[in-house]
Trainee: 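My questions will all concern the structure given below.
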Amino acid sequence: MTVRTRFAPSPTGFLHIGGARTALYNWLFARRHGGRFLLRVEDTDAERSTDESIRVILDGLRWLGLDWDEGPGVGGPHGPYFQSERKEIYDRHLAKLESAGLVYEDEGAVRFRVPDRTLTVSDAICGEVSTNLKESGSRRYDAELKQEVEANPDFVIRRPNGGYIFHFVNVVDDIEMAITHVIRGEDHLSNTPKHLALFEALGATPPRFAHIPLNLNPSGTKMSKRDQGALIHEYQEGGFLPSGVANYMALLGWSAKDDREIFDIAELVERFDLAGVNHSNSKFDYGKCLWVNGEHLKRLSASDLASQAGPFLERAGIDPADPRLPEALGLARERVQTLAEIPGVIGTIFAEAATYDESSVAKVKERADLPQAIAALSDHFAAVDVWTADGIKAAVQSAAEGLGLKMGALMLPCRVATMGSTSGADLVPVMALLGKEAVLKRLQEFAARLG
RNA sequence: GACCCGUUCGUCUAAGGGUUAGGACACCGCCCUUUCACGGCGGUAAUACGGGUUCGAAUCCCGUACGGGUCGCCA
């Protein structure tokens with residue numbers, strides 16, 4: 001049997017981290033087992049389903065590298081892949097239920113007769129979970145009354161206006177699309193008996209279910225789009241790598257059962273399995289997500305780093321063709337966790353002049369001998385013949401000796417004078433890239449600032 | 001409220017009857033670096049609670065507490 005999984009988002013205008021992780025698990029599972037991954041858009045709620053809101057979701061999936069074998073844009077033998085275009089299919093299945101006497105009309109809506117017996121979900125993660133829909137559905141909690149009220153256990157599958165309800169279309173589509181494995185959030189576990197009843201009524205064998213634990217925000221409540229790290233496009237804009245984000249998402253609820261945590265996409269495909277999925281919800285940790293991304297950044301090849309960083313460099317006004325760029329990127333990668341941080345670390349190399357950070361300047365200004373130190377550095381740099389890291393170091397060394405100081409005592413003032421800040425990339429290579437003239441000019445400007 | 005799922009350092013997790021309860025992020029300290037970082041080494045820190053079963057329980061069972069989910073003519 002070929003494994004067929006699917007991701008079935010409703011277009012809300014955002015690709016949420018929870019949805020993206022569900023998509024990832026389905027994708028990994030399909031890829032791991034040489035199966036197919038389908039994408040189906042659940043746009044039965046017409047108002048929210050704009051082209052734009054659909055595009056955001058597809059773009060997010062593409063950015064993460066979660067390509068689909070069947071679905072919007074690629075087609076496939078089980079289309080259409082938008083629920084809004086599948087009305088005839090739903091009508092056909094409804095007719096089957098009608099002729100079997102399993103549905104009835106109620107104030108214009110169509111209700112499905114639930115069976116009065118125990119249905120057992122055999123979940124790959126949660127184990128066996130049994131429910132009797134007739135019993136459990138005959139009472140309903142009224143949030144306003146704050147108490148249970150009588151209810152009709154037969155749930156609605158079609159609205160009076162002809163629109164079909166999620167449970168029904170979801171099941172019909174999974175049958176029609178020959179889905180073998182449904183990996184979805186645990187919030188659907190309680191809905192699954194309804195789906196089981198529908199599969200049975202439609203004469204279909206249900207797929208294998210795997211309900212994965214939910215991702216919560218750091219306060220332990222449901223992630224909302226306001227929470228940091230909640231939306232996939234923010235990662236893209238924030239300079240994360242798709243593989244880093246996928247790696248971190250995989251880790252929220254799954255582990256390889258050894259101490260390894262950093263995996264590229266191919267390694268995730270190789271190692272992912274449902275047995276490694278946890279049973280309990282996890283809280284999102286933005287700091288760890290940053291760390292994982294930083295590890296991916298460190299492992300990137302020089303050319304990949306250059307192409308990935310491109311948009312962020314251009315935005316900062318750095319010419320991607322500058323010959324100093326490859327070396328500068330090498331300096332940057334060791335100390336950033338996102339691509340977006342790169343310009344801040346090496347931007348000064350490509351700038352006309354240093355931008356002085358006030359608190360950094362204030363820090364070195366505390367030294368009484370600062371003007372002399374800068375002057376000494378200027379003199380010794382001016383005398384350097386071969387402007388290389390070694391030559392620069394030697395110059396700093398001799399400048400320090402002349403002042404009766406250790407070399408380290410001059411490094412920080414030199415850093416602030418040439419780079420504008422106490423932080424940033426490694427000073428000596430930066431000066432080498434900057435060139436002798438530029439360094440001397442910056443020292444002069446800094447001295448002038450001091451007055 | 002009923003039903004369902006869950007509970008190991010602050011966070012993500014490993015250990016599925018016998019471990020000094022392991023790793024990672026974060027935090028702290030030391031070393032390295034004559035700068036900023038990286039890195040290396042070390043430290044603080046957990047089995048929710050109460051009962052069982054067992055020679056022995058984080059691990060199996062029951063209860064309690066807490067957290068999450070579901071209970072729509074939303075998906």
Side-chain angles (χ1 to χ4, degrees), chain A residues 8-12 42-45 48 83 106-111 121 123 125-127 129-132 135-143 145-149 151 153 155-161 163-167 169-170 185-194 211 213-214 216 218 220-222 248 251-262 276 278-292 294-295 298 331-336 345 360 393 396-397 400 405-416 419 421-428 430:
Chain A
S10 61
T12 53
E42 305 217 325
D43 57 348
T44 50
D45 186 12
R48 291 190 300 182
Q83 286 185 337
D106 176 24
E107 294 180 359
V110 175
R111 286 186 184 269
V121 185
D123 191 273
I125 293 163
C126 304
V129 181
S130 300
T131 316
N132 181 315
E135 274 174 22
S136 62
S138 62
R139 294 172 307 277
R140 195 188 91 231
Y141 185 66
D142 188 305
L145 266 51
K146 289 192 171 178
Q147 64 177 0
E148 294 200 342
V149 296
F155 55 93
V156 171
I157 61 173
R158 198 182 69 176
R159 304 182 188 97
N161 69 7
Y164 287 97
I165 297 296
F166 161 74
H167 303 296
V169 294
N170 195 266
E186 207 189 84
D187 48 343
H188 285 298
L189 185 58
S190 300
N191 288 148
T192 308
K194 289 181 183 172
H211 287 91
L214 272 19
L216 308 175
T221 57
K222 213 169 158 185
Y248 180 66
L251 254 24
L252 276 181
W254 169 84
S255 86
K257 302 293 177 196
D258 56 20
D259 288 336
R260 209 170 141 198
E261 295 193 300
I262 302 300
N278 286 330
H279 294 200
S280 52
N281 294 347
S282 52
K283 291 179 188 164
F284 183 83
D285 182 346
Y286 194 73
K288 182 133 188 186
C289 183
L290 275 171
W291 175 77
V292 169
E295 293 300 304
K298 281 176 194 157
L331 295 176
R333 80 186 315 159
E334 289 298 321
R335 58 193 68 212
V336 299
V345 172
S360 296
K393 255 186 206 166
V396 177
Q397 176 75 54
L405 294 170
K406 286 184 178 176
M407 183 176 170
L410 278 189
M411 290 299 274
L412 201 63
C414 184
R415 168 180 280 277
V416 174
M419 296 177 66
S421 168
T422 52
S423 67
D426 201 10
L427 177 59
V428 173
V430 166

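Since we're looking at a predicted model, the values are computed, not measured. By convention in this document, chain letters (A, B, ...) are assigned in the order of the sequence lines, proteins followed by strands, and residues within each chain are numbered from 1.
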Trainee: What distance, rounded to whole Å, do you find between the two C1' atoms, one in rC3(B) and one in rG50(B)?
Mentor: 25 Å
Trainee: Give Lys146(A) one of three labels, base, sugar-phosphate or nothing, depending on what nucleic acid heavy atoms sit under 4.0 Å from its own.
Mentor: nothing
Trainee: Is it the case that over 12 heavy atoms from other parts of the model lie below 6.0 angstrom from the NZ atom of Lys257(A)?
Mentor: yes
Trainee: What does the B/S/- profile of nucleotides 2-9 of chain B look like, 5' to 3', with a 4.0 Å heavy-atom cutoff to protein?
Mentor: B-SSSS--
Trainee: Looking across every strand, which nucleic acid part, if any, lies under 4.0 Å from Glu107(A) by heavy atom: base, sugar-phosphate, or nothing?
Mentor: base
Trainee: Taking CG from Leu214(A) and C1' from rG67(B), how many angstroms apart are they, rounded to a whole number?
Mentor: 12 Å
Trainee: Could you tell me whether His211(A) contacts a base, only the sugar-phosphate backbone, or nothing, with contacts defined as non-hydrogen atoms closer than 4.0 Å?
Mentor: nothing
Trainee: Taking all atoms of both residues into account, what is the closest heavy-atom pair of His211(A) and Asp123(A), and its distance?
Mentor: ND1-OD2, 2.6 Å
Trainee: Aromatic contact between Tyr286(A) and Tyr248(A), with the criterion being ring centroids under 6.0 Å apart: yes or no?
Mentor: no
Trainee: For the C1' atoms, the ones on rC9(B) and on rG43(B), what distance do you get once it is rounded to whole angstrom?
Mentor: 13 Å
Trainee: State, to 0.1 Å, how close Val156(A) and Arg158(A) come at their nearest heavy-atom pair, and which atoms those are.
Mentor: CG1-O, 3.4 Å
Trainee: Tell me which nucleotide among rC73(B), rC71(B), rU13(B) gets nearest to the side chain of Arg111(A).
Mentor: rC73(B)
Trainee: Let me have a per-nucleotide readout for nucleotides 23-38 of chain B, 5' to 3', with B, S or -, counting only protein heavy atoms under 4.0 Å.
Mentor: BBS--------BBBBS
Trainee: Checking understanding here: a glycosidic angle within 90° of 0 is syn, the rest anti, so what is rC30(B)?
Mentor: anti
Trainee: Would you mind classifying the nucleic acid contact of Gly253(A) as base, sugar-phosphate or nothing, using non-hydrogen atoms under 4.0 angstrom?
Mentor: sugar-phosphate
Trainee: So, does Arg159(A) get its side chain near the phosphate of rA75(B), meaning an N or O under 4.0 Å from OP1 or OP2?
Mentor: yes
Trainee: Does either side chain, that of Asp142(A) or that of Gln147(A), offer a donor lying less than 3.5 Å from an acceptor on the other one?
Mentor: no
Trainee: Do the charged groups of Arg159(A) and Glu107(A) touch, with an N to O distance under 4.0 Å?
Mentor: no
Trainee: Identify whether any heavy atom of Asn278(A) sits under 4.0 Å from a base atom; if not, whether one sits that close to sugar-phosphate; answer base, sugar-phosphate or nothing.
Mentor: sugar-phosphate
Trainee: So, does Arg140(A) use its side chain to make a donor-acceptor pair with the main chain of Glu148(A) at under 3.5 Å?
Mentor: no
Trainee: Determine the contact category for Asp187(A): base if any of its heavy atoms lies under 4.0 Å from a base atom, sugar-phosphate if only primed atoms, P, OP1 or OP2 are that close, otherwise nothing.
Mentor: sugar-phosphate
